[in-house]
Amino acid sequence: MAYPHSEIEARWQQYWEQHKTFRTPEEPDRSRPKCYILDMFPYPSGQGLHVGHPEGYTATDIQARYRRMKGFNVLHPMGWDSFGLPAEQYAIKTGEHPRGITYQNIDTFRRQLKMLGFSYDWDREVATTDDEYVRWTQWIFLQLFKKGLAYEGEMPVNWSPDLCAVLANEEVEEWRAKGHKVERRAMRQWVLKITEYAERLLADLDGLDWPESIKEMQRNWIGKSEGAEVDFAMDGETIRVFTTRPDTLFGATYMVLAPEHPLVDKVTTPGQREAVKAYRAAAAAKSDLERTELAKEKTGVFTGAHAVNPVNGESIPVWIADYVLWGYGTGAIMAVPAHDTRDYEFAQKFGLPIVQVVRPPEGTDWRGYVDDGVAVNSGEFDGLPTAEFKKKITAWLEEKGVGEGKVNYKLRDWLFSRQRFWGEPFPLLHCEKCGVVPVPEEDLPVRLPELTDFRPTPDGQPPLARATEWLKATCPVCGGPAFRETNTMPQWAGSCWYYLRYIDPKNDRALVDPDKEKYWMPVDLYVGGAEHAVLHLLYARFWHKVLFDCGAVSTPEPFRKLVNQGMILGEMEYHADPAAFAAHAAALKERGIEGIEERKDGDVASIILRTRRDGHGAGLPDDLIEKRQGKVFVKDMDLEITGRAEKMSKSRGNVINPDDIVKEYGADSLRLYEMFMGPLTQVKPWSMKGVEGVSRFLSRVYRLVVDDETGDLSPKLSGGEPTKDQLRSLHAAIRKVGGDIERMDYNTAISAMMIFVNEAQAWDALPRSLLSTFVLILSPFAPHLAEELWNRLGHPDSLSGEAWPEVNEEYLKEDEIELPVQVNGRVRGRIRIAPDAGEEAVFELALACPEVIPHLEGKSLKKRIYIPKRMVNLVAAG
RNA sequence: GCCCGGGUGGCGAAAUGGCAGACGCAACAGACUUAAAAUCUGUUUCCCUAAAGGGAGUGCGGGUUCGACUCCCGCCCCGGGCACCA
């Protein structure tokens, strides 16, 4: 029978709240080591918590509770990334201020998180929408502004007419996928110069304990490439190009300008004017996405102009083509079709000459060869390997004054303004006389106005333009009339620095007290989804470095160790081939199995098999599945099926609600199940049966202490001393669980506890001290049950102040161990021996082993291997 | 196309180069029960065999090693990211 989890969990949650058990003192004992354990804070959506949230949050909670028991001062806070588009859309629809729904949603999230028993210090809770928080977000922006890292410009932006909002390049896909329209439009925008930090953002990745894949994604995003800029002369004009392969200059047979390149107008010859004009118009109409989507087929137009290759004086044609991007490098390239895939395709299509200048290794075609080799057809440079040639030619270019070495980054400046209401207002004023003037720091925060209509104005101005009174201000410089900035900041702003505010959330003189900052930073463990691999983590690192340069923080990087939890998928679904399904329709119906067609890319990919039990649809239960010859079939049928799990989604109907799980099995079961499913970082399917499994385990733990029938203490409990076997089991568990927590291998830690409980069930007498210690190692995982049992075992206070149990190696020593004996790598027999027995003694016993002897018969012993405490291998031949 | 992950029983998974499949789920059998649920005990990678026992086996093909899920080389498949960045 299940233990009374609801009652137990309510009791201890109330206890923790009343006693502020997990409060981190303002002035912690500085002689202890610190540990800052952080979750990526959630956007409090109206949907409430989903099962993905508790995964990461439980992982950090275990870590926080464990570190406290190990004597660390732990900072483990939670808050809300509460600006966001859904609340704004709700406001537009209802005319209500988004504040209301936002704080309502926060209350729901807070209630749900408290229900899961996380050991957050709730006194440090922050929300990015709080006025006091906005104040410091704006303050940081002012520092950026004063450092010249924020500038204003007419920028082509991604405008979504149905969202009435500007999206960052990175966000376009997400919203398109949700069915919104996105088009390009030029608008006045605020931009942050993240490019100025590109090199540091790249270099400092090396020292971080992050998943290699995430670091690699950031490196690719920053996209550093080293090469040279080269000037090509063209009667009166100069076209500058960027290339990473200056060693292929002799192979440049034409040039390409981006359609937007300003020189296009100047150089186009009258005969080509019409064609060029038409091509540019067509290119302008395409979005970035369309340009790349249609990338398979190269397009372009000859301008009629020619330029001179500086290395050999040859005259080469100048084309325009949209495969050259105006936003990268100089917006112009020299084309070396022999050694660049794109140029090669283009040259083939338009019949342009292809000249080899790199000799590839033997047996490789030089056409389209893009890797390093040896120079040919390159005049005096012939015979040079690529790397050396690059250095020489760069020096040559610099000497002649026609080029120079150059580093380029793919990273673009960060488009920082949105035409929305529900975001931080920019602390900026527009003064007719003085231009853009920052709001004085003592006047922060600039609060949002009260409106009832949150739509953009009919002439396309942001919603803040509707606040006619709010707009009016006085210029702090000249005292003349000024107008407030009507753009707001993107959602990223608040999440760029929240980890700093937790350290000192109530400070009204600084965003964080420098002394406290120095103590707690950097974040020791940061856990969240991989979807923030690039954007949030890059933006936060950028702001942190700016703050570091301002002297506001003491570390160059904010997050020392990063872990991404893997996504939790829906329950496993079984699929069958549609034709086979149809052929077995009758027999399936008999078994209560029905099929749902699944379409992928317009084709029928498969049929999902479902049963209809208890009135609602469910997956195929395991008792209807059977394996034959390594394949999976529906039981007693000739229908082959395959299992697959998919993302949880409303449309698929496979969403699991944490509230339901807590109600039925309890928070401890949910926590424990999510940690037991598999490695934290891995993608894994949900299984309701798995939840029941861990729930049964917790019930068994409960029954070790409490008699199920009476509710009294179990009669097996004793005040006596534990036996040797009991101590060995316990200490093996302590060692395994502690080590696994350090490595965040929670699934195997839980399995170690299960092994202990399986053994403990067989014991007739259970010393209280033994179970008390076990409860301590269980407590980071299932804190409510642990507190309850700790209390029932006779400890009046919460276990949260207890130390993590020490492993006593003495108890783990075995008198005798079993050793497998292999002959030629196959286990043939087993011997029992003292663990510290000498090699000779081991071999003697092994050779005498009755199961081993027949396998050695008639053979000569070539080699004997003994791996202490592991195994014996006897190598025989003949 | 490029860059990361990953591929082990019916399912989730475990294994410093040293007994592959711990632990859990499901399934099967048994105990308890009037019965069911719950609980407890046992079996459960596949193939051959009545059994004792034997053989095969960690996506595929090679290699290194006394010994490979683990290391090396070459492929295949799945998931994610990037994608005309010169």
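Letters go in sequence order (proteins before strands), and every chain restarts at 1. Side chains included, hydrogens not; waters and symmetry mates left out as well; all remaining heavy atoms used.
Listed by residue number, the members of residues 247-254 of chain A with any heavy atom below 4.0 angstrom from RNA chain B form an empty set.
Annotation: A:Arg735, atom CZ; neighbour count of heavy atoms from other residues, nucleotides and ligands within 6.0 Å does not exceed 12.
Across all strands shown, the partner of B:rC66 is B:rG18, judged by Watson-Crick or G-U wobble contacts whose two distances both fall under 3.5 Å. B:rC28 is paired with B:rG42 under the criterion used here, namely a Watson-Crick or G-U wobble arrangement in which both key atom distances are under 3.5 Å. Pair assignment for B:rC2: B:rG81, on the basis of Watson-Crick or G-U wobble contacts that are both within less than 3.5 Å. Base pairing of B:rA36: no nucleotide in any strand meets the Watson-Crick or G-U wobble criterion (both distances under 3.5 Å).
Using atom P as the reference point in both B:rG79 and B:rU44, the two lie 35 Å apart (nearest Å).
Residue A:Thr748 has no polar side-chain atom (N or O) positioned under 4.0 Å from OP1 or OP2 of B:rC23. Taking 4.0 angstrom as the limit, A:Arg826 places a side-chain polar atom (N or O) nearer than this to OP1 or OP2 of B:rA56. Look at A:Lys863 and you'll find a side-chain N or O under 4.0 angstrom from OP1 or OP2 of B:rC66.
The side chain to side chain donor-acceptor pair (under 3.5 Å) test with A:Glu55 is passed by exactly one of A:Lys684, A:Arg671, A:Gln565: A:Lys684.
The CD atom of A:Glu199 sits 8.5 Å away from the CD1 atom of A:Ile222 when rounded to the nearest 0.5 Å.
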Exercise for the section: Any chance you could lay out the side-chain contact (heavy atoms from CB on, under 4.5 Å) test for A:Ile865 and A:Val872, step after step, and finish with the verdict? Expected result: CA-CA 6 Å; A:Ile865 294 138; A:Val872 179; over 6 Å; no
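Put simply, the side chain of A:His575 never gets that close to the backbone of A:Ile608: no donor and acceptor are under 3.5 Å apart.
Between A:Phe389 and A:Phe250, the angle of the ring planes lies from 30° to 60°, which puts this pair in the tilted group.
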